[in-house]
Amino acid sequence: MSFRDSSWKPLWSDDGKYIYVLSGHHGTNEIVRFTVSADEPPLTVIGGPRTITDFSFDGKSTIIATYTAPHIPSQISSFKIHEEEGITRTSRQPTDDINIQSAFFPKQETKLDDSQQSFLEKVNLAQFETFQYKSVDDWTIHGFLLKPANFNPNQQYPVVLDIHGGPHSTHGYAYFHQMQVLAAEGYAVVYVNPRGSSGYGEAFTEAVINDYGGKDTQDILTGLDEALKRYDFLDQTRMAVSGLSYGGFMTNWIITKTNRFKAAISEGGVSNWVSIYGTGDVDPGMTNEDLPDKNDIASLWAISPLKYVDKIDTPILMIHAEDDHRVP
């Protein structure tokens with residue numbers, strides 16, 4: 001049996017009828033089958049609440065895939081797929097609900113390794129939950145919560161709001177080591193996928209263009225408020241905010257707008273859009289593409305957290321790598 005590795009590339013079936021791809025969907029990463037016929041909709045053949053990271057295909061009916069899930073650091077499994085089985089992938093509007101299958105599918109899964117078993121027997125992983133809520137423009141936003149380890153519902157816990165990078169990356173159904181570390185130290189971790197995140201439709205992903213620090217900020221803070229309303233064990237008097245890359249920018253930006261956080265950690269984030277223009281390894285292309293109407297000095301300075309540094313009362317730890325070529 002011969003397998004072809006996708007390396008994130010689409011793979012054809014041997015008969016030329018189907019093409020299989022990795023595709024983000026509502027915080028998951030699935031394997032989706034497309035046909036050469038425009039009359040047949042795409043079909044998710046391997047999915048559920050997990051993040052598939054790569055796969056190989058024998059061209060017929062067997063796929064070997066690696067994946068992670070909130071309670072699975074990593075796994076490699078073999079799957080048998082059948083032409084008639086799967087879940088139709090439909091397009092989504094930003095106001096639509098977010099729907100995730102509650103169980104992994106297909107059921108025909110053969111685990112090929114148990115390398116994580118000894119680790120999982122020694123640790124107490126934090127409990128994971130998801131929620132959705134309405135934000136600006138009545139858009140539906142996906143939220144996530146990682147409870148503290150050894151959770152006691154009668155206890156109050158400090159909160160960390162974590163903001164992902166990109167802005168077109170996404171949080172989701174994956175094992176997050178750094179969040180598990182925070183949970184092990186007694187923190188509840190709240191994280192959301194604001195507009196700009198991938199996997200929720202093209203309009204949703206592109207909505208952040210020309211609006212960094214605008215409605216995306218409202219999505220994030222509304223998500224925190226929703227979590228505080230839903231989970232009475234969250235202590236709103238002890239909250240911190242943290243983020244990496246775009247999340248670092250948002251952390252810098254948010255503490256110029258509110259003093260509700262006791263501390264902030266910004267890693268690899270933009271403080272000054274004027275000085276990054278032309279100095280990063282993807283700039284000025286990225287700025288011209290994501291901020292096409294704001295790439296003059298006055299407009300870039302207006303959305304730079306550094307301009308509003310006098311508004312900041314929140315203690316902040318800024319972490320930056322010497323060899324960070326994306327955000328020098």
Side-chain angles (χ1 to χ4, degrees), residues 1-69 72 74-94 96-113 142 164-175 193 195-209 282 289:
M1 184 180 296
S2 175
F3 283 88
R4 288 163 288 160
D5 179 31
S6 75
S7 298
W8 290 37
K9 299 188 298 290
L11 292 179
W12 284 94
S13 60
D14 286 349
D15 59 13
K17 292 173 59 177
Y18 304 117
I19 188 170
Y20 294 80
V21 302
L22 277 177
S23 175
H25 181 65
H26 297 190
T28 73
N29 212 27
E30 306 175 327
I31 297 178
V32 179
R33 185 182 76 202
F34 292 85
T35 71
V36 295
S37 170
D39 298 328
E40 296 183 45
L43 205 66
T44 300
V45 296
I46 304 177
R50 59 183 162 193
T51 295
I52 299 172
T53 53
D54 208 345
F55 72 100
S56 297
F57 181 41
D58 71 348
K60 299 177 179 64
S61 63
T62 303
I63 287 178
I64 295 176
T66 56
Y67 66 86
T68 178
I72 301 174
S74 65
Q75 178 66 52
I76 180 169
S77 292
S78 174
F79 302 85
K80 288 292 184 181
I81 56 174
H82 303 280
E83 189 168 333
E84 69 279 3
E85 293 180 353
I87 296 175
T88 300
R89 173 69 74 86
T90 57
S91 60
R92 176 184 182 270
Q93 298 303 314
D96 292 346
D97 286 343
I98 295 161
N99 298 306
I100 297 293
Q101 298 296 316
S102 60
F104 293 168
F105 64 90
K107 295 180 179 179
Q108 302 90 340
E109 174 180 349
T110 302
K111 294 182 178 180
L112 301 181
D113 81 302
H142 203 174
H164 71 63
H168 304 301
S169 57
T170 184
H171 279 313
Y173 296 81
Y175 177 87
N193 283 333
R195 64 195 68 202
S197 304
S198 297
Y200 298 91
E202 184 176 3
F204 191 94
T205 301
E206 293 188 350
V208 75
I209 293 175
V282 294
E289 183 174 331

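This chain uses plain numbering: 1 for the first residue, then up along the sequence.
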Name of the residue among Thr51, Thr170, Ile100 meeting side-chain contact (heavy atoms from CB on, under 4.5 Å) with Thr28 =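 Exactly one option meets the side-chain contact (heavy atoms from CB on, under 4.5 Å) with Thr28, and it is Ile100.
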Among Phe55, Phe104, Tyr173, whose ring pair (Phe, Tyr, Trp, His ring centres under 6.0 Å) with Tyr67 holds?
->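 With Tyr67 as partner, ring pair (Phe, Tyr, Trp, His ring centres under 6.0 Å) holds for just one option, Phe104.
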Who are the side-chain hydrogen bond (donor to acceptor under 3.5 Å, both in side chains) partners of [X], not counting sequence neighbours?
X: Asp97; result: none
X: Ser77; result: Glu109
X: Thr66; result: Thr53
X: Asp113; result: Gln75, Ser115

Under 3.5 Å, is there a donor-acceptor pair between the Thr62 and Lys80 side chains?
->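 Lys80 and Thr62 do have a side-chain donor-acceptor pair below 3.5 Å.
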Can you find a pair of side-chain heavy atoms, one from [X] and one from [Y], that are under 4.5 Å apart?
X: Ser78; Y: Ile64; result: yes
X: Phe57; Y: Ser13; result: yes
X: Ile87; Y: Gln101; result: yes

Please set out all donor-acceptor pairs under 3.5 angstrom arising from side-chain atoms of residues 195-202, sequence neighbours excluded.
from   : atom 1 : to     : atom 2 : distance (Å)
Arg195 : NE     : Asp219 : OD1    : 3.4
Arg195 : NE     : Asp219 : OD2    : 2.7
Arg195 : NH1    : Asp137 : OD2    : 3.1
Arg195 : NH2    : Val136 : O      : 2.9
Arg195 : NH2    : Asp219 : OD1    : 3.1
Ser197 : OG     : His164 : NE2    : 2.8
Ser197 : OG     : Pro194 : O      : 2.7
Ser198 : OG     : His168 : O      : 2.3
Tyr200 : OH     : Gly27  : N      : 3.3
Tyr200 : OH     : His142 : ND1    : 2.8
Tyr200 : OH     : Asn193 : ND2    : 2.8

Determine the minimum heavy-atom distance between Gly48 and Phe105, stating which atoms define it.
->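 Taking every non-hydrogen atom into account, N-CE2, 3.3 Å.
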Considering all heavy atoms of both residues, which atom of Val36 and which atom of Gly16 are nearest to each other, and what is their separation?
->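 Between these two residues, the closest heavy atoms are CG1-O, 3.7 Å.
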I'd like to check the salt bridge (charged side-chain N to carboxylate O under 4.0 Å, His left out) partners of [X]; sequence neighbours left out, ordered by chain and number.
X: Glu40; result: none
X: Glu83; result: Lys17
X: Arg89; result: Glu30

Hey, could you give me the [atom1]/[atom2] distance between [X] and [Y], rounded to the nearest 0.5 Å?
X: Asn29; Y: Asp54; atom1: CG; atom2: CG; answer: 10.0 Å
X: Ile81; Y: Ile31; atom1: CD1; atom2: CD1; answer: 8.0 Å
X: Ile19; Y: Lys9; atom1: CD1; atom2: NZ; answer: 11.5 Å

Does [X] have any side-chain contact (heavy atoms from CB on, under 4.5 Å) partners at least two apart in sequence or in another chain, and if so, which?
X: Thr88; value: Pro41, Leu43, Thr90
X: Ser91; value: none
X: Glu85; value: His82, Gln108

Could you pull out all residues at least two apart from Phe79 that satisfy ring-ring contact (aromatic ring centres under 6.0 Å, His included)?
->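 Per chain and number, Phe79 pairs via ring-ring contact (aromatic ring centres under 6.0 Å, His included) with no residue.
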